[in-house]
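Note sheet for the following structure.
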Amino acid sequence: MATVLIKNLDKHIGEEVSVRGWLYNQRSSGKISFLIVRDGTGLVQGVLVKKDVGEELASLAGNLTQESSLIIRGVVREEPRSVGGYEILIAGLEIVSIAEEYPITHKEHGVDFLADRRHLWLRTPRQTAIIRVRSEIEQSIRDFFYENDFVLADAPIITPAACEGTTTLFELDYHGDKAFLSQSGQLYNEAAAMALGRIYCLGPTFRAEKSKTRRHLMEFWMIEAEMAYFDMDDNINLQEKMLHFVIRRVLERCEREMKTLERDVARLEKITLPFPRISYTEAVEILKKEGVDFVWGDDFGAPHETAISKYFDAPVFVHRYPATIKAFYMKPDPENPAVVLGADLLAPEGYGEIIGGGQRIDDFKLLEQRIAEHNLPQEAFAWYLDLRRYGSVPHSGFGLGIERTVAWLCGLDHIRETIPFPRMLHKMYP
RNA sequence: UCCUUGAUAGCUCAAUGGUAGAGCACCCGGCUGUUAACCGGGCGGUUGUAGGUUCGAGUCCUACUCAAGGAGCCA
């Protein structure tokens, strides 16, 4: 007899199988009872008829509490009335462990209550659906890069200095030396790209800013890619191709999850290539047309990003930002040095910036000058300057925020559900 | 860090300044196709903390703690 996953039950109709999982819910009407079992891949209804299985097994089932672990055995059949469309006529039941009174019920709970029990909250259908979509997103990104001749070159997490010198970092003691948790692997990626051509990394990044919004975490994951001999347009072309690939994969393979999340997938299905592209200056004009008070040269805040992205059904690239509001390594536009060859990608439906990227300065002298202008420690960037000293080439890269992408594709209103254990301001339990 | 709102049973919420209540969870009983099952009964409280006003405070005032939503910063 086969032990099967609930999501594969459709391949075992008429067979006797066993399913190993946990009791999600139970309903009884005396002589017949229904055990809803979950195994992490889905839900299935087990039907237990007292006169068929006997008094002993029936009373055993009566002792089961929510989230008790159990193994059920029986014949699979199609049943449209059942959750998931299949049910198992229970012939055997093994209790693995009786759960104590479970704190999370099938009724409503507040976010604070759930967040404190994240380790249990994770078991609910909605949360498992989100984590499965997240997994598919990361897997599809890896597949995309693998198929496009990229090499995975992971960047360090402990770093000796700030990458961009702008954000607040978590500090730690490195055997007597000061060290920081990485805010970006980009500088290391540039070195790796000079070695391998096209590379990417996937890892956690850390920001110590006291951000308290629906789109910020203290610890989040980024995919960062860096490509030698890529200019800004090559960079943007690659990004939209990658994101389109990811969207198609999620639509293809996460149909069930999107249904659980009640995501309106039509909005994702109609996204086609190429994505719209506008300059920062054009974006400012849109804001002014919308009656928003905005001065050329300022950076966009969350409301501005939302106003701009509402103009488009697809993600929109905003390129050529003023040099003053972007990182020191951004390459100036040769046609207008006041702006840089960088582009951010704003997700639709008000989900904000999901990609930040651009072409890097490849000229030694200019980079050295920028480091000085930004009051960054020259010694710490000596190795980074070396990349321009030994065979410098035009190159570009980008970073995509995993959590914001998950939030957008799943249609979530808060980023805290996009990662198994979110690290938020003043909250890191469990 | 700032602004706004909130904290009452295990959970989600009610309660003119005048006897703190409901639904769910849990326990007991009933029900042969349930769908957050249903029906009957039971259990359940120092109203976030500390002061104050009042004959009387869950309700009004002050401070603090914690949380949520938003801003800034960013992905």
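Every heavy atom of this structure was used, including side-chain atoms; hydrogens, water molecules and symmetry mates were not. Proteins come first, then strands; the chains are lettered A, B, ... in the order of their sequence lines, and each starts at number 1.
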Atom pairs, protein N/O to nucleotides 64-68 of chain B N/O, distance under 3.5 Å:
residue: B:A68; atom: OP2; partner: A:K212; partner atom: NZ; Å: 3.2

Could I get the full list of ring-ring contact (aromatic ring centres under 6.0 Å, His included) partners for A:F220, not counting sequence neighbours? none
Quick one: label A:D344 by what it contacts on the DNA or RNA (base, sugar-phosphate, nothing), any heavy atom closer than 4.0 Å. nothing
Presence of salt bridge, A:D39 and A:R20, under 4.0 angstrom: no
Could you go through residues 419-426 of chain A and list every donor-acceptor pair under 3.5 Å that involves a side-chain atom there, pairing it with any protein atom two or more places apart or in another chain?
residue: A:R423; atom: NH2; partner: A:M428; partner atom: O; Å: 3.3
residue: A:R423; atom: NH2; partner: A:P430; partner atom: O; Å: 2.5

P atoms of B:U19 and B:U59, separation to the nearest Å: 14 Å
Counterpart residues, side chain to side chain donor-acceptor pair (under 3.5 Å), relative to A:K210 (two or more places apart): none
Sequence neighbours excluded, which residues qualify as ring-ring contact (aromatic ring centres under 6.0 Å, His included) partners of A:H109? A:F113
Going by number, which of residues 28-41 of chain A have a non-hydrogen atom under 4.0 Å from RNA chain B? A:S28, A:S29, A:G30, A:K31, A:I32, A:F34
Test of understanding: with ring-ring contact (aromatic ring centres under 6.0 Å, His included), list the residues that count as partners of A:H304, not counting sequence neighbours. A:F294
I'd like to know if A:T105 reaches the base of B:C24 with its side chain such that a donor and an acceptor end up less than 3.5 angstrom apart. no
Output side-chain donor-acceptor pairs under 3.5 Å for residues 52-63 of chain A, partner residues at least two apart or in another chain, one line each.
residue: A:S59; atom: OG; partner: A:E56; partner atom: O; Å: 3.0
residue: A:N63; atom: ND2; partner: A:S59; partner atom: O; Å: 3.4

Run the salt-bridge test on A:D143 and A:R249 with the 4.0 Å N-O cut-off and return the result as yes or no. yes
Got a minute to check which stems RNA chain B is part of, using Watson-Crick or G-U wobble pairs under 3.5 Å, three or more consecutive? B:1-7 with B:65-71, B:10-13 with B:21-24, B:26-30 with B:38-42, B:48-52 with B:60-64
Give, ordered by number, those residues of residues 78-100 of chain A having at least one heavy-atom distance below 4.0 Å to an atom of RNA chain B; if nothing qualifies, reply none. A:E79, A:R81, A:E87
Do A:R215 and B:G72 share a donor-acceptor pair, side chain to base, under 3.5 Å? no
Sugar-phosphate only, base, or nothing, as touched by A:T65 at under 4.0 Å among non-hydrogen atoms: nothing
Roughly how many Å apart are B:A9 and B:U4, using the P atom of each and rounding to a whole number? 27 Å
Kindly state whether the ring of A:F144 and the ring of A:F150 have centres lying under 6.0 angstrom apart. no
In chain order, what residues pass the ring-ring contact (aromatic ring centres under 6.0 Å, His included) check against A:F312, with sequence neighbours excluded? none
Checking the side chain of A:N336 only, and the main-chain atoms of A:D333 only, is there a donor and an acceptor separated by less than 3.5 Å? no
Residues in salt bridge (charged side-chain N to carboxylate O under 4.0 Å, His left out) with A:D112, at least two apart? A:K427
At 4.0 Å (heavy atoms only), tell me whether A:K51 reaches a base, stays on the sugar-phosphate, or touches nothing. base
Do the side chain of A:S18 and the main chain of A:I72 share a donor and acceptor less than 3.5 angstrom apart? no
What about A:H109: does its side chain form a donor-acceptor pair under 3.5 Å with the base of B:C11? no
